[in-house]
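Residue numbers start from 1 in every chain, and the chains themselves are labelled A, B, ... in the order their sequence lines are given, proteins ahead of strands. All figures in this text were calculated on a predicted structure; none of them were measured in a lab.
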Amino acid sequence: MKYNPHQIEKKWQKFWEENCSFEPADDKSAPKKYVLSMFPYPSGRIHMGHVRNYAIGDAIARYWRKNGHNVLHPIGWDAFGMPAENAAIKNGVHPKKWTYENIAYMRKELAALGLSFSKDREFATCDPLYTKYEQAFFIDMWERGLVYRKKGYLNWCPHDQTVLANEQVIDGCCWRCDTPIVQKEMYQYYIKITEYADELLEDLGRLEEGWPAQVIAMQRNWIGKSVGLEFSFRLDKQSARMCGIESFEVFTTRPDTICGVSYAAVAPEHPIAKAAIERGVVDSAAAEKIAQMQRMPVRERNMAEKEGVPLGLYAVHPVTGERVPVWVANFVLMEYGSGAVMAVPAHDSRDYDFAKRYDLPIKPVVFPEDGELPEGEAFVEDGVVKGCDGFDGLFGQEARDAIISWFEEKGLGKKVINFRLKDWGVSRQRYWGAPIPMIHCRECGVVPERKENLPVTLPDDVEITGEGNPLDRHASWKDTVCPECGGSAERETDTLDTFVQSSWYFLRYTTPRRLWEETAFTKEDAGYWMPVDQYIGGIEHAILHLLYARFFTKVLRDLGYVNVDEPFKRLLTQGMVLKDGAKMSKSKGNVVDPDALIEKYGADTARLFILFAAPPTQELEWNDSAVEGAHRFLRKLYDRAGRVDECTRLPEIDHSALQKSEKEARRKVYEALKKGEDVYRERFTFNTLIAAVMEALNALDKQQNPQVWQEGMWILLNLLEPIVPHICWDLSETLFKRNNFGFIDIVEEVFEVDTIQMAVSVNGKPRAQIEVSADAAKEEILEIAKSSVPKWLEGKSVVKEIVVPGRLVNLVVK
RNA sequence: GCGGACGUGGUGGAAUUGGUAGACACGCCAGACUUAGGAUCUGGUGCCGCAAGGUGUGGAGGUUCAAGUCCUCUCGUCCGCACCA
C-alpha cells in the first residue's frame, strides 16, 4: 500500500470530530494538564507561525492525553481589534461579519492540521457573552478603586484616530501603522497596575523554573524598580519669593554622591518652570526656549542634545548648606519620580554632559578604592566617599544607607521605591471593541452600568469611515438612563484595549460551555485547571500580554474569583519562521502558504518538518527540500509498517536469544522511548526525538526478527503520535488496535550489552577503538588498550592511566 | 549605555553532569534497479594530505589526564529596554 496522506488525514479528522475525542473529562480527581498555545487573531488565514505554535502545543497535549492525563487543550479567537475596522474602511464589510467569516475559514484551516483542540470550549472574545463578564470585571475593578479616569497627555495616532498605550508606541510611532504619534490631552480610563508592581516583580522569582530567562529579565526591566532617597530642596528665601514656591522634591538612587551636587534640574513641565515663566522670573527668550522643550514629544527628547535654561533661582543643599542653581533641563522627565533631580556631574554621565555644556562645577566626592578617577567622564561606579562631612570613608551601599538614615532622622527625606511601570490606559476611541460599561450622568457623574444590564453590546448599524469613533456619532445608542438617578444620560463611547480580552481568556476555557450563560468561569473549574501547565507563544508577547495576564489573574484573585497567583506555570517562547533569512511577509514575497503545503504533502508532513527542522525556541529557516525529506520519512515509515504483523499486545522477547543486529535495533528503539520522556516532559526539543526515532527505524531495517519489528513499530508509533497523529492512528489501528497508545515501560535489559566499544586516546588524542567485555576489570581494559596503540607507546613511558567506564581510556605518556 | 541570547561541516542542526565533535536530516558524489526518473535501494561525504598523519566548534589565553562544554579577555550577530535620576 502506498502512503496516501489525504485519505488518512480526512478519515481520522472525521473520526476525531464525530467522537469528540479531545474533550476534557469533568472528573476533577484525575491528574490534569492544561496546555495552551496563544490564541490567534482572526486575520483571515493561518500562517506558518500559527502552524508552529499549534504543532508544539498539540504535541505536548497529545503526549499527556496518551499518558493518562485529563488534558485541557482549547482554542479561541482574539477577535476584537483594529484590522477588522480597517477592513471595514477599505472594503465596506462590517467588522462583525469580517471577523466571524475569518474565524470560520481559519477554523477549517486549523482542523486540516489535525490539532486536538476541545470543540466544546471554543469562543471568540467578541462574543457578547464574553464581553458580559469582562464588563462585570471592569465594574468590580472600578468599585474597588482599581479603575480611574484621568486627563492627561496621551499618545494619539493621527492615522488610526486613537489613543495608544506607551507599550504600543514603538520609536515614537504607532505599533500598527507606523505613523508618528502626537500628544493630545483627553480623559481616559486607567487600570492601576502600579498597585501590583511589587507583587508582579516579586513573583517573577517564582517563574524562574518555568519561564525563559529573557522574558523574566524583560519584565523586570519593564517594571523597573529602583530604591533611593527622596528629599526636598528648599529654595532660598529670595528665590521662594520670586516664584512663590518654597521647595521641590527630588529622587536619587545615589545618595552617596549627594555632596557632589552642583545644580538641580527640573523637567520643562515642572511647576517651578511654569511659575518662573508666569511670574517673569526668566526673560522672554528663556521662556520661549522652555516652551520649545515642552512642545517636543518626550520620545524625541532622548534623541535631542542636552539643553537647559537657568532659572535664576537657587536651592539650598540639605547637607552642606550651599546654594545651588536650579535649571530646566530637557533630559529630566516629568513622569518619573517627581520630575526634578539633584545633579552630580562627577558621578552621573547625563549630569556630566550637561555640566560640560554649560560650564557648571564638577565636584568628585566618590573615589575608586584603588586607582584614579577617569579622565573626561563621570565616575559612575561604587566607590569610597571623600569630602562629605560625616560620611567619609564609607563605601557604596553602606554610604547610601547611612545618608538615607541621616535624612530620615532629621526628617528631611525618606527612603522611597520608584517604578517605571505606569498605570495601564485601556480606553480606545474605536468601534470594534468591548464597550466600557460606564454612563455619564449630568447629576451623578460617571457611574457604572448595572450588572443586570450587561452586556453593553455594540450597535450593528454603524458607519465606519476611519475618522473619529462611530459610537460617538450614534445618538440612539449613546442615549440611555442613569443607573443611579434614572435621569437621561449618555453611554461611554470608548471601548477597551484588546489586551484586556487576552488577559483572562485562559480562565474562561476552564469552565464547560453549558455554564457560560451563568458565569464567566467557576472557582472550582479554575481551581482544578489553573495554572496553565504549559503556555506556548511568540516572544513578541514577552512584556505586554504576559504582564497584563499576570496582573489580571492577581486582581481576579483579590476580587475572589480565583485562587491562583500566577496564570502560567511554564512558558515556551517559539522562534520565528523565516525564509531566505527574513520573516515571512507578503511585502517580501517569501510566504509559504500552509494550505498549499498540506495540499501537496499532507498535515503530518507539515507538522513533522516544522518540529524537526529546529528546536522550537529557535528561529526556523524554511527549506523546501527538507520538507521533501520529512515526507520521505513518513513514506518509509508507512512502507515498513506494512511489513509488520498485527498484534494487540507488546510481544515478549527473549533478549538473550537475539542476534547482534536485533539487540542493536531494540536498544535504539528503547533509547528513543527514553528520549521521548525527556522531550515531551521537559525539553521540547522534538528535533532530537525525531532523530532518535529515525535512528531506531534505520536500526530495525537492518534486521528481520518479526517480534523485534512488532515491538519497534509499537513503540515508534506511540512516540510519533503527538507529532504526526494521522499516520500513527491509522497504522496503529491496523496493526495494534491502537493498544500501543498508552504508557510504555522502559525495558532496561536492552541496554545491557556483552561488549563495549571504547576509545583509546594517548595524551588526549583518540588513537584506537577497542572492544571489551562489559564486565571487564580496569586492569584488563588497560591491558587491551595498551596493546591497541603500540605505535604511540613506543619508546615512551606511561605516566598516568585514566579509564572512564564505558567511554574511553586515556594514556598519558612521556 | 543597560539587560538577554547566540556563534559548531556546503545547509538545518546533535553532543543533558567536562569524556571518541559533527548524531539525524538536507545537499552533493558514486553505484544498483529502470524505457525513463525529480521514485526506490546501497555506499561515500568536516578541512588539508597519495598516504602516514595533521588539523578542526568566531579569535587569543588559561584550568584539566581530557574543553564545543569551565574561567579570563576579545571579535561578531540578533533581540529587548533606553536621558528612569
What contact category does [X] fall into here, base, sugar-phosphate, or nothing, at under 4.0 angstrom with non-hydrogen atoms?
| X | value |
| --- | --- |
| A:Val812 | sugar-phosphate |
| A:Asn698 | sugar-phosphate |
| A:Ala613 | sugar-phosphate |
| A:Ala692 | nothing |
| A:Glu682 | nothing |
| A:Glu621 | nothing |
| A:Val215 | nothing |
| A:Gly629 | sugar-phosphate |
| A:Ser226 | sugar-phosphate |
| A:Pro212 | nothing |
| A:Lys791 | sugar-phosphate |
| A:Arg640 | sugar-phosphate |

Any side-chain N or O of [X] below 4.0 angstrom from OP1/OP2 of [N]?
| X | N | answer |
| --- | --- | --- |
| A:Arg635 | B:U40 | yes |
| A:Arg807 | B:U20 | yes |
| A:Arg767 | B:G54 | yes |
| A:Arg350 | B:G1 | no |
| A:Arg220 | B:C2 | no |
| A:Gln618 | B:G13 | yes |

Both distances below 3.5 Å, Watson-Crick or wobble geometry, any strand: find the nucleotide opposite B:A25.
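With both distances under 3.5 Å, B:A25 matches B:U11.
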Roughly how many Å apart are [M] and [N], using the [atom1] atom of each and rounding to a whole number?
| N | M | atom1 | value |
| --- | --- | --- | --- |
| B:U77 | B:C28 | C1' | 28 Å |
| B:G12 | B:G61 | C1' | 33 Å |
| B:A52 | B:G7 | C1' | 34 Å |

Cut-off 3.5 Å, side chains only: do A:Tyr670 and A:Glu748 have a donor facing an acceptor?
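Checked: A:Tyr670/A:Glu748 side chains show no N/O donor-acceptor pair below 3.5 Å.
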Between A:Lys778 and A:Glu801, is the closest basic N to carboxylate O distance under 4.0 Å?
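Salt bridge: no.
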Does the pair A:Lys415/A:Asp401 count as a salt bridge with the N-to-O cut at 4.0 Å?
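A salt bridge is absent here (no side-chain N lies under 4.0 Å from a carboxylate O).
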Proximity to the side chain of [X] - top-ranked nucleotide from [options]:
| X | options | value |
| --- | --- | --- |
| A:Ala691 | B:C24, B:C65, B:G3 | B:C24 |
| A:Val804 | B:G19, B:G27, B:A85 | B:G19 |
| A:Asn221 | B:U16, B:C24, B:G80 | B:G80 |
| A:Asn687 | B:G53, B:A14, B:A85 | B:A14 |

On a plain distance test, is the side chain of A:Asp678 in donor-acceptor contact with the base of B:U16 below 3.5 Å?
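Under the 3.5 Å cut-off, the side chain and the base do form a donor-acceptor pair.
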Suppose we call a contact any N or O donor and acceptor under 3.5 Å apart; does that hold for the side chain of A:Lys674 and the base of B:U16?
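Not at all, since no donor on one side and acceptor on the other fall under 3.5 Å apart.
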So which one's nearest nucleotide on RNA chain B is more toward 5', A:Ala630 or A:Asn763?
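First, find each residue's nearest nucleotide; the 5'-ward one identifies A:Ala630.
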Would you say A:Tyr352's side chain and A:Ile362's backbone share a donor-acceptor pair under 3.5 angstrom?
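Not at all, since once roles are kept as given, no pair shorter than 3.5 Å links the two residues.
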If we ignore hydrogens and angles and just use 3.5 Å, is the side chain of A:His270 paired with the main-chain N or O of A:Ala265 as donor and acceptor?
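Not at all, since once roles are kept as given, no pair shorter than 3.5 Å links the two residues.
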Would you call B:G9 syn or anti, using the 90° rule around 0?
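Classified syn.
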Any side-chain heavy-atom pair from A:Leu620 and A:Phe609 closer than 4.5 angstrom?
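Side chain of A:Leu620 against side chain of A:Phe609, heavy atoms only: contact under 4.5 Å found.
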From A:Glu540 atom CD to A:Gln574 atom CD, the distance as rounded to the nearest 0.5 Å:
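The distance works out to 7.5 Å.
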Within this structure, what is the CG-to-P distance between A:Leu811 and B:G19, rounded to whole angstrom?
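One finds 19 Å between P of B:G19 and CG of A:Leu811, rounded.
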